A.B. asks: 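Structure in structure tokens, see below.
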Amino acid sequence: MNLIWVPLLPLLGVLIPLFLGRYPRSLLALGTAILPAIALGIIVSLIPQVMAGEYPSVSYEWVPVLSLSISFFLDGLGLMFTLLILGIGLLVILYARYYLSPGDNAGRFYASLMLFMTAMLGVVLSSNLIQLWFFWELTSVSSFLLISFWSNRSDARKGARMALTVTGAGGLALLAGLLLIGEVVGSYDLQTVLASGTLIAQHQLYPLIVVLVLLGAFTKSAQFPFHFWLPHAMAAPTPVSAYLHSATMVKAGIFLMARFYPVLSHTELWFALVSLVGLMTLLVGAYTALFKHDLKGLLAYSTISHLGLITLLLGLDTELASLAAMFHVINHAVFKASLFMAAGIIDHESGSRDMRKLNGLMKYMPYTATLAMVAAASMAGVPLMNGFLSKEMLFAESLHQDILGAMSWLIPLLVTVGGALAVAYSLRFIHDVFFNGEPIDLPKTPHEPPRYMRVPVEILVVLCFLVGVFPELIVGDLLVAVGASLMPTGVPEFSLSIWHGFNLPLLMSLLAVLGGMALYSQRKHMFAFQAQFSEVDAKQVFEHVIQTLARRANNVYAFIDNGRFQRYATWMIVVAILALGMPLLGLTSAGGSLPTSDLDLVSLGGALLLIVGSVATVLLSHRRLLALVTISVVGLVVSVAFAWFSAPDLALTQLSVEVATIILFLLALYFLPQKMSLFNLPPARIARDLGLATLIGSLVGTLTYAMLTRPMESISDFFTLNAKTGGGGTNVVNVILVDFRGFDTFGEITVLAIAAIGIYKLLAGIRLFVPAADMDGRPWSSDRNPLMLMQISQSLLPLALLVSAYIFLRGHNLPGGGFIAGLITAVALVQQYVANGVVWMRDRGDLNFQWFIVSGLLIAFLSGAGSWAFGRPFLTTWFDYFSLPLVGKFELASAMAFDLGVYLTVIGATLSILTNLGKLTTTDRPNRGGQA
Amino acid sequence: MELIYSVTVGVMVTCSIFLMLRGHTFSVVLGLTLMSYAVNLFLFASGGLALNQPAILAEGASYADPLPQALVLTAIVIGFAMTAFALILAIRARADLGNDNVDGRAEVGDVLSNKGQTVEQNGSVREHPEPSSGGKL
């Protein structure tokens with residue numbers, strides 16, 4: 001079977017509970033379990049292959065350029081975790097069927113659980129770094145859904161948010177680390193990365209990579225000081241705690257460290273960081289667990305402590321330490337999942353998790369009590385149990401340390417202290433809950449759970465015992481396979497058995513058990529000691545930090561984004577000045593190597609007109625009509641400049657646009673306030689704006705000069721050479737527009753159309769006010785349209801249309817084309833509106849300019865799409881020469897159809913803008929009846 | 001010639017930026033128009049300044065660079081659409097908010113400008129009464 005099905009089946013399994021949600025619970029649980037069971041079957045069938053060292057893999061290319069792929073592979077490490085995820089997952093499905101109350105939405109619960117299972121499988125099977133990270137974040141998201149399952153409870157919501165924030169932030173650090181690894185190695189393929197250990201270790205970014213990757217691992221695996229989220233995640237339903245917070249998700253961080261163990265470990269930095277953090281977590285977790293009255297709280301801190309133990313083992317620089325770590329991953333998952341399930345049963349059947357109330361349950365649920373006690377013994381590290389074996393391995397490895405130099409003797413000592421604390425809290429779990437007198441006002445009278453709710457616990461506890469007695473038989477081969485992943489150079493010899501003779505580790509175990517008993521017997525004094533310290537509520541601290549952060553961010557945001565256009569404009573100009581100024585500073589001089597041409601009188605006159613016109617526009621801008629006169633002078637001189645500098649097409653375009661722009665401004669005058677103040681601001685403000693403007697103006701001027709006086713290579717020769725032969729036209733500018741860069745032009749007329757339609761929407765439904773008099777109280781003129789103007793413009797219309805048709809047709813070879821012809825037609829029609837009025841025009845057939853726009857765009861698109869019919873790319877052009885009697889030889893080109901589309905769009909957009917504004921004061925306003 | 005061309009472009013940019021930093025929408029749109037002239041001239045200059053060499057094949061041995069011309073041609077038309085959009089936006093904002101400040105709220109320094117509005121408010125209002133909020137500070 002293909003490996004892809006292993007993560008894919010649980011993903012499909014997300015849907016099943018959603019559909020089965022209304023059916024009986026047993027059917028729902030069974031339906032949910034089928035697909036993961038098949039996936040487990042596939043994995044089991046692949047075991048012999050993995051043991052033989054031939055790792056099954058599957059890979060689909062996705063975006064090869066970005067080295068993104070969808071690829072999975074199964075090695076020993078992945079196999080161990082996959083077995084845990086699927087095996088314990090199936091038991092949790094069974095357990096949850098009895099745990100969830102009838103009111104809970106079990107379908108949603110199972111669906112989230114399956115999503116989480118998919119994410120975990122994705123993490124452990126991925127052989128692409130980015131894909132691994134994706135699934136890593138998916139575990140955070142899906143665990144958020146699971147923790148907040150009882151979303152009506154405030155603690156569930158807060159706990160879920162905290163878990164998501166901490167693990168999500170760690171995930172971002174991990175992403176940075178993985179990207180750096182990808183940069184260093186040059187590939188995101190995990191196999192390639194695993195083979196590049198020395199390359200990474202010798203790179204100068206190595207310390208950063210280690211810290212970032214470890215941040216991801218530590219947050220996920222609740223290592224000190226990021227451990228605080230895990231106890232609050234206990235607000236989740238207990239099956240979730242059993243699954244996520246003991247067996248799988250918190251082990252994802254461990255998995256990550258193990259996954260990158262061959263490449264990232266073996267350095268002082270790694271060993272120091274990992275072992276010290278692990279040791280700290282081990283002690284803090286074990287100590288805190290002792291004082292928790294909540295059953296799940298005790299188990300949560302115990303989990304933290306055991307995760308610390310595993311991390312510590314991964315940070316010990318001895319051959320067998322990492323193997324011992326992996327062994328403890330299995331053992332801890334098995335006994336802690338069963339303990340959580342037992343705690344859930346106790347909670348479920350007695351209505352409380354408070355150990356001050358729960359006492360003497362042995363009498364009420366002897367069977368469950370026995371199971372829980374066996375599992376707790378494993379947690380304490382009592383011989384014959386699996387927990388004993390891995391803990392003894394830790395004791396043995398801790399003896400061979402030199403990471404702390406002369407103080408290295410501290411490590412075995414502290415580890416033994418941790419062991420003693422574990423014994424003490426395990427004793428408390430057993431003694432307080434199952435013995436120690438009678439229960440104190442519990443909501444329910446405790447009793448044994450339903451038969452099948454116990455089955456998962458039984459299976460796990462039997463496993464604890466079997467692994468404890470026959471370790472070599474059950475997990476020996478698996479550990480060898482895992483070792484092959486961790487130590488590609490070769491797995492050292494190791495022996496798993498309960499008896500290694502009388503030696504130092506055994507003595508440490510004995511000391512731990514005795515010490516733990518002593519601690520527990522003196523618990524009254526310890527509780528009294530601990531009571532002196534006020535307990536810090538991580539939830540409150542966390543919320544406070546988050547709120548402070550949000551407030552600070554809001555302040556910064558309010559400073560940047562204060563709703564003032566002028567501030568944004570100033571920021572943008574400052575940024576533009578920096579972006580422009582920096583490169584200009586690098587130039588040795590403004591002038592370049594090209595010789596400058598002589599100044600002629602026409603150019604000088606034009607330049608002076610432009611300068612005077614611009615400055616006058618600024619000075620007169622509060623007198624609006626005069627400002628329009630001066631700015632139209634500028635526009636006209638610009639079009640003359642285009643004509644002067646060999647750009648006839650530009651001159652024609654600028655000239656016709658100028659007319660449209662000024663008419664538009666004149667129309668707008670009526671709707672905007674007539675009096676404006678310009679210089680009544682504080683002088684400092686004026687000075688600042690002038691300074692900014694002058695600065696950027698001089699930068700642009702310098703840039704223009706630098707550009708004009710330096711030689712540059714242009715791609716234009718291609719266009720000049722191919723315009724006639726490839727595009728069939730001699731007007732290179734027009735051929736570029738409709739042929740070479742036709743797709744750009746298509747985009748541009750689309751923008752034009754969008755602007756016109758946007759304006760139509762802006763004007764529709766406008767709450768207009770129409771002043772009856774100007775600011776000095778003079779009433780508006782109500783003259784009829786002047787007769788002479790009417791007559792002349794009416795007789796001019798056919799001529800203007802003729803000119804525009806001529807300009808359009810000759811455009812391919814001489815100055816002209818769709819843009820210019822469209823503008824000329826538009827101006828000719830606008831003139832009719834100006835001279836005759838909107839009503840007169842409507843009576844002579846109201847043109848719908850939206851249709852012009854739409855048909856123009858459609859024609860342009862179809863003329864481009866037509867080339868598909870000939871199997872050519874979009875907008876491939878065609879042209880040929882024909883001859884007719886009378887007309888003579890002429891050319892037909894598909895680009896002309898495209899130009900026609902441009903022509904119609906330009907007419908439609910220009911007229912739609914102008915007439916919609918012009919109609920505002922008449923009864924033909926756009927919001928009347930919805931049509932223009 | 002290159003020098004005077006560059007100076008002209010620089011002056012036009014200076015004037016347009018100063019206008020765009022003003023508080024009245026009309027000035028900002030004026031500045032925007034002036035800016036598009038300047039930018040078009042700047043873009044056009046990237047092809048160099050050539051006299052009597054239009055890019056019409058077979059008219060001369062050498063041609064002006066046609067590529068900046070093609071870019072500027074569409075830029076002129078799009079610039080018109082953008083100016084129009086900004087202008088209509090200003091009209092709409094005036095109609096909805098009752099003032100012509102770029103932020104839709106008058107500044108303390110704009111008290112003078114309210115004179116014009118006051119007069120208008122005294123005049124008869126045919127459609128909707130002008131909202132009284134936002135115009136004064």
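This is a predicted model, so every value here is computed, not measured. Lettering of chains follows the sequences in order, A, B, ..., and the numbering in each one begins at 1. Heavy-atom basis, side chains included; hydrogens, waters and symmetry copies ignored.
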A.B. asks: Under 4.5 Å heavy-atom distance to chain B, tell me which part of A:T910 shows up: side chain, backbone, both or neither.
C.D. replies: both
A.B. asks: By the definition side chain to side chain contact (heavy atoms under 4.5 Å, CB included), identify the one residue from A:L737, A:T653, A:I749 that meets it with B:T74.
C.D. replies: A:L737
A.B. asks: Taking the side chain as everything from C-beta on, heavy atoms only, tell me whether A:V638 gets closer than 4.5 Å to B:M12.
C.D. replies: yes
A.B. asks: Quick check on side chain to side chain contact (heavy atoms under 4.5 Å, CB included): which of A:L703, A:V700, A:T694 does B:V13 satisfy it with?
C.D. replies: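 So, applying the side chain to side chain contact (heavy atoms under 4.5 Å, CB included) to B:V13 and each of A:L703, A:V700, A:T694, only A:V700 qualifies.
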A.B. asks: Looking only at heavy atoms, what is the nearest atom pair of A:F671 and B:R94, with distance?
C.D. replies: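 Between these two residues, the closest heavy atoms are O-NH1, 3.1 Å.
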A.B. asks: Examine whether an atom of B:L30 lies under 4.5 Å from a heavy atom of chain A, and if so say whether it belongs to the side chain, the backbone or both; otherwise answer neither.
C.D. replies: both
A.B. asks: Check whether any side-chain N or O of A:Q566 sits under 3.5 Å from a backbone N or O of B:V102 as a donor-acceptor pair, and report yes or no.
C.D. replies: no
A.B. asks: With side chains defined as the heavy atoms from C-beta onward, is the minimum distance between A:F819 and B:I76 less than 4.5 Å?
C.D. replies: no
A.B. asks: Take the angle between the ring planes of A:F642 and B:F44 and call it parallel below 30°, perpendicular above 60°, tilted in between.
C.D. replies: perpendicular
A.B. asks: Sort A:L628 into side chain, backbone, both or neither according to what part of it lies under 4.5 angstrom from a heavy atom of chain B.
C.D. replies: side chain
A.B. asks: Do B:L49 and A:S597 touch side chain to side chain, with heavy atoms closer than 4.5 Å?
C.D. replies: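 The answer is no, as the side chains (C-beta and beyond) never meet within the 4.5 Å cut-off.
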A.B. asks: For the residue pair B:I91 and A:I766, establish whether any side-chain heavy-atom pair is separated by less than 4.5 Å.
C.D. replies: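 Heavy-atom side-chain distance check passes, below 4.5 Å.
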A.B. asks: Is the closest side-chain heavy-atom distance between B:C15 and A:T617 below 4.5 Å?
C.D. replies: no
A.B. asks: If you count heavy-atom pairs within less than 4.5 Å of chain A, which of B:D65, B:L89, B:T83, B:L71 leads?
C.D. replies: B:D65
A.B. asks: Counting only N and O atoms by type, is there a donor-acceptor contact under 3.5 Å from the side chain of B:E2 to the main-chain atoms of A:Y705?
C.D. replies: no
